[in-house]
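Here the structure comes first, spelled out in structure tokens, and everything after it is commentary.
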Amino acid sequence: TLRILEKDGIEAAAEFISRITGLRFVLSIVMVAGAAAIFLLSAAGTISIQTAQVMGLAVIATALSFLAEPLRATMLAYEKHHYYAAAWIAERLIFIALALGALATGKGLVAVMGAFVIASLAALIINAAVVWTRFTHFTISLQGWRKDWRSLVVSGLPFWLSNLLMTVY
């Protein structure tokens, strides 16, 4: 984001953020589909329903955080670390308050993971609002993400392969 901002200006940065957010949106849908597969495993009796709920909520929270990452990078690219820090602190405070509330009322791990999802969603909304109001107007563009996809797969293949080998090992 920083290189594009310096080289091509704010409009190019907005278009880049829109494309990357669109790509991440598509990948997040794939992640949530993976969470649905976890629930199918619980229906088949392979894992317990509580395990499936916790894993599914963790995947959803991860997908929300994945969507917020280009927005966080935008704040850092503009060298406005106080916005980044405020959003990060707000996310943590929301999670801590909700998780402690769930634990204080006797709720279990599923409720704590629900708090994690809510905090991740709040962080996505906060980050999007800050980037939209303070830096640049962006959209979630599903146009042009195919060219980014090819570059992402090619550059990420070594990491994917090493993770696969570590998992198998």
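The first residue in the sequence is number 1, and the count goes up from there.
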Sequence neighbours excluded and cut-off under 3.5 Å, please list the side-chain donor-acceptor pairs for residues 122-134, or say none.
{"unit_1": "N127", "atom_1": "ND2", "unit_2": "A123", "atom_2": "O", "d": "2.8"}
{"unit_1": "W132", "atom_1": "NE1", "unit_2": "H137", "atom_2": "ND1", "d": "3.3"}
{"unit_1": "T133", "atom_1": "OG1", "unit_2": "A129", "atom_2": "O", "d": "2.7"}
{"unit_1": "R134", "atom_1": "NE", "unit_2": "Y83", "atom_2": "OH", "d": "3.4"}

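- Linking ILVMFWY residues whenever their side-chain heavy atoms come closer than 4.5 Å, directly or via other members, leaves L64 and L98 in distinct clusters.
- Across every non-hydrogen atom of G114 and L57, the tightest pair is N-CD1, 3.8 Å.
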Review point. Does the side chain to side chain donor-acceptor pair (under 3.5 Å) test come out yes or no for S48 and T51, once each step is laid out?
Key: CA-CA 5 Å; S48 72; T51 302; 2.8 Å; yes
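- Identified under the ring pair (Phe, Tyr, Trp, His ring centres under 6.0 Å) test for residues 97-123, with sequence neighbours left out: F95-F116.
- Contacts of V59 classified as side chain to side chain contact (heavy atoms under 4.5 Å, CB included), with partners at least two apart in sequence or in another chain: M31, A35, I38.
- Residues L121 and F25 share a hydrophobic cluster, clusters being chains of Ile/Leu/Val/Met/Phe/Trp/Tyr side chains in contact below 4.5 Å.
- In the hydrophobic cluster analysis, where Ile, Leu, Val, Met, Phe, Trp and Tyr join through side-chain heavy atoms closer than 4.5 angstrom, V110 is grouped together with I60.
- Atom CD1 of I89 sits about 10.5 Å away from atom CD1 of I96, to the nearest 0.5 Å.
- A salt bridge (charged side-chain N to carboxylate O under 4.0 Å, His left out) check over residues 35-55, counting only residues at least two apart or in different chains, returns nothing.
- Across every non-hydrogen atom of A115 and A99, the tightest pair is CB-N, 3.8 Å.
- Using a 4.5 Å cut-off between side-chain heavy atoms of Ile, Leu, Val, Met, Phe, Trp and Tyr, with links allowed through other members, I118 and M55 fall into different hydrophobic clusters.
- For residues 89-114, the side-chain hydrogen bond (donor to acceptor under 3.5 Å, both in side chains) pairs, not counting sequence neighbours, are R72-E91.
- Hydrophobic clustering of Ile, Leu, Val, Met, Phe, Trp and Tyr side chains at less than 4.5 Å, counting indirect connections, unites I29 with L67.
- Rounding to the nearest 0.5 Å gives a distance of 10.0 Å between CD1 of I94 and OG of S120.
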